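Model, not experiment: these values are computed from the prediction. Every chain is numbered from 1 and lettered A, B, ... according to where its sequence line falls, protein lines coming before strand lines.
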Amino acid sequence: MIALVDVNNFYVSCQRVFEPHLVGKPVVVLSNNDGCIISRSAEAKALGIPMAAPWHQLSQFARAHGVIAYSSNYALYADMSQRVMQVLARFSPQQEVYSIDECFLGLHGVLSDHTELGLLLKQTVWRWTGLPICVGIAPTKTLAKLANHIAKQRPEFAGVCEWEKLPVQQRQQFMATMDVGEVWGIGRKLSVRLKQDGIHTVADLAASPAEQLRQRYGVVLQRIVAELNGCACLELEEVTPDKQQILCSRSFGQPIFSEQQLAEAISTYLARAAEKLRQQNSLAGAVGIFIRTNPFRPNEPQYRQQMVLPLTQPSNDTLKLTRIALRMLARLYRSGFAYAKAGVMLTQLQPKTAIQGHLFLQTADPIKRAELNATLDAINRRWGRGAIGLACAGNKKPAWAMNQQHLSPYWTTRWPDIPVALAK
DNA sequence: TCTGGGGTCCTAGGACCC
DNA sequence: TCTGGGGTCCTAGGACCC
């Protein structure tokens, strides 16, 4: 048996923990650059504010209705997420952290009544972190997701839905009234295609013949249907596998024009990506960059280009990777464009132990270089991100820095921001 | 003026091998 | 007039997730 636990309106709820006067009011959290709406309180949803809507199109409406907006504060959310995950881990030996606000818990061998356990989880997380959660319990991940959805939608469940405890008739009825697009793994495109084939509800999907589905839609959908019918195809992944690629990209707070500024951005992103790479003890076999103008302004000249370069020898060295990235930028850069976004990709990742020597290649003393990178990481860990870096990444807040006009205090991760009542 | 960021998996098709 | 069969590996693109 599997439980899927997730935090309701996670980012909004995090803001509310430290500003309780927000409870009961329409609140939204915006993406980087204050671009789109990525989290909404129930009150904001009730106003009809759609997910992923561009904020600048809605800010007038929002002002009129007293909607309160926050810039996203990922340091805060990541910290709160860790706290929730730690609380939940106490209740099961098997935990898969699926995303910043969700995890699966294996309930195999957990003796207590599952619904009661769910209620206990809810109560404990609430008391210890101030965050509201919902719990779905079922024999497969896909059904646990479905049960969680029901727990959220229907107040009579009080936030906990155990699928197998529902009478068969009620399960049938839920599935018959739920849109096929609600199923985990079925997105916009697939649900349109399914509906064209006469599959409208979850019940329709669950009753479809497996072999036919596989032929027409592929193995992914076939597995989903098996899961809906109680046959587990997706394992609980307790060990987080190493990332296969690392990407770091940002839209700029304002358009930039010069190669110099793009180089600063690329160097900054690369330093971040390489740090993540070293954190998981991997080497990159290839490095890539991309730059692009703003596609939302079709009347302005558009340019987008990317390039990936395989390395003769896999590396996690910020200096070496930066040099390569900037050489690529020199090849891609064209003057006369208003650049809106750039990014860096590290791919073909492999464990550090698997390094293959190169017969003819002489590089900088690899041990010294490794020590230098470790020192960079240690200083940035101790003194905060960006405390030390390469000169080509710039040394002051750049003109293209992210827009964050509605940023809240950091509350839990910065000394001056810690609420006084808590600090005492 | 202002439109996010970071991932995974699967499939089809091409290159190449014997 | 006629042009095999079976396999692997890699890449690009599309779909999905939060």
Side-chain angles (χ1 to χ4, degrees), chain A residues 4-11 28-40 50-60 62 69-74 77-78 81 96-104 141-142 145 148-149 180-194 214-224 233-235 237 240-255 269 272-273 276-277 280 285-286 288 290 292-298 300 306 308 310 338 340-349 400 402-406:
Chain A
L4 184 268
V5 183
D6 79 341
V7 182
N8 308 341
N9 317 326
F10 181 54
Y11 298 165
V28 298
V29 171
L30 309 176
S31 63
N32 278 337
N33 260 320
D34 296 342
C36 299
I37 290 165
I38 53 170
S39 181
R40 305 161 295 159
M51 187 67 166
W55 174 241
H56 72 93
Q57 289 174 3
L58 270 166
S59 46
Q60 208 160 4
Y70 283 90
S71 303
S72 38
N73 186 336
Y74 285 102
Y77 310 146
S81 170
E96 174 188 341
V97 177
Y98 176 67
S99 75
I100 194 164
D101 74 328
E102 275 176 73
C103 76
F104 291 101
K141 283 180 161 183
T142 306
K145 274 277 205 181
N148 181 283
H149 182 76
V180 70
E182 304 282 2
V183 176
W184 187 41
I186 297 185
R188 270 217 337 268
K189 295 276 170 81
L190 256 179
S191 66
V192 168
R193 276 182 65 199
L194 285 166
R214 182 181 184 130
Q215 294 218 331
R216 192 154 160 62
Y217 296 96
V219 68
V220 180
L221 193 73
Q222 190 192 17
R223 283 205 279 258
I224 290 172
C233 304
L234 307 170
E235 300 277 308
E237 286 178 26
T240 317
D242 282 346
K243 287 187 188 15
Q244 299 176 33
Q245 73 175 46
I246 292 173
L247 194 125
C248 188
S249 71
R250 290 280 177 287
S251 303
F252 305 130
Q254 51 176 287
Y269 304 159
R272 215 20 224 137
K276 290 186 200 168
L277 183 68
Q280 70 163 32
F290 70 86
R292 70 162 170 76
T293 50
N294 186 347
F296 293 102
R297 300 208 187 157
E300 293 180 7
Q306 67 166 5
V308 178
K341 185 173 181 176
V344 169
M345 298 157 293
L346 301 177
T347 54
Q348 295 176 34
L349 305 193
W400 44 268
M402 227 182 343
N403 256 326
Q404 293 182 301
Q405 290 186 29
H406 312 277

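With dA15(C), dT3(B), dC9(B) as the choices, the nucleotide that has an atom nearest any side-chain atom of Gln57(A) turns out to be dT3(B). Nearest nucleotide to the side chain of Ile246(A), out of dG4(B), dG7(B), dC10(B): dG7(B). Among the nucleotides dC16(C), dG6(B), dG4(B), the one closest to any side-chain atom of Leu247(A) is dG6(B). The listed nucleotides are dT8(B), dG5(B), dT3(B); the one nearest the side chain of Ser249(A) is dG5(B). Nearest to the side-chain atoms of Arg223(A) among the listed nucleotides dC18(C), dC9(B), dG7(B) stands dC9(B). Distance from the side chain of His56(A) is smallest to dT3(B) among dT8(B), dT3(B), dA15(C). For Asn32(A), the listed nucleotide lying nearest its side chain is dG4(B); candidates were dC10(B), dG4(B), dT3(B).
Using a 4.0 Å heavy-atom distance criterion, Asn403(A) is classed as making no nucleic acid contact. Using a 4.0 Å heavy-atom criterion, one finds that Asn33(A) contacts no nucleic acid atom at all. Across all strands shown, Phe10(A) has no heavy atoms under 4.0 Å from either base or sugar-phosphate atoms. Contact annotation for Ile186(A): backbone-only contact, meaning every heavy-atom pair under 4.0 Å involves sugar-phosphate atoms and none involves a base. Counting any heavy atom pair closer than 4.0 Å across all strands shown, Gln244(A) reaches sugar-phosphate atoms only and no base atom. As judged by a 4.0 angstrom heavy-atom cut-off over every strand, Trp184(A) is placed among residues touching the sugar-phosphate backbone only. Within the 4.0 angstrom heavy-atom criterion, only backbone atoms of the sugar-phosphate kind lie near Leu190(A); the bases stay farther away.
Aromatic ring pairs are classed by plane angle as parallel below 30°, tilted from 30° to 60° and perpendicular above 60°; the pair Phe252(A) and Tyr269(A) is parallel.
Side-chain N or O atoms of Gln280(A) include one that pairs as donor or acceptor with a backbone N or O of Lys243(A) at under 3.5 Å.
Residue Lys145(A) places at least one side-chain N or O under 4.0 Å from the OP1 or OP2 atom of dC18(C). At dT3(B), none of the side-chain N or O atoms of Lys341(A) fall inside 4.0 Å of OP1 or OP2 (strictly under the cut-off). Here Ser99(A) does not reach the OP1 or OP2 of dC17(C): none of its side-chain N or O atoms lies under 4.0 Å away.
Put simply, NZ on Lys243(A) is 20 Å from P on dC17(C), counting in whole angstrom units. Regarding Asp6(A), its CG atom lies at a distance of 13 Å from the C1' atom of dC17(C), rounded to whole Å. Computed from coordinates, the Asp242(A) CG to dG7(B) P distance equals 12 Å when rounded to whole Å. Computed from coordinates, the Phe296(A) CZ to dT1(B) P distance equals 17 Å when rounded to whole Å. Across the protein-nucleic acid pair, Tyr269(A) atom OH and dG4(B) atom P stand 13 Å apart, rounded to whole Å.
Once rounded to the nearest 0.5 Å, the distance linking CD1 of Ile186(A) with CZ of Arg193(A) reads 11.5 Å.
With respect to the salt-bridge test (charged N to carboxylate O, under 4.0 angstrom), the residues Lys141(A) and Glu237(A) do not qualify.
Map Ser31(A) and Arg214(A) each onto its nearest nucleotide of DNA chain B; the residue landing nearer the 5' end is Ser31(A). Residues Asp34(A) and Tyr217(A) both approach DNA chain B. Their nearest nucleotides, taken by heavy-atom distance, put Asp34(A) toward the 5′ side.
For dC16(B) and dG4(C), the C1' atoms lie 16 Å apart once the distance is rounded to whole Å.
Here the options are Asp101(A), Ile100(A), Val28(A), the test is side chain to side chain contact (heavy atoms under 4.5 Å, CB included), and the partner is Tyr11(A); only Ile100(A) passes.
Using the Watson-Crick or G-U wobble rule with both distances under 3.5 Å, dC9(C) pairs with dG14(B).
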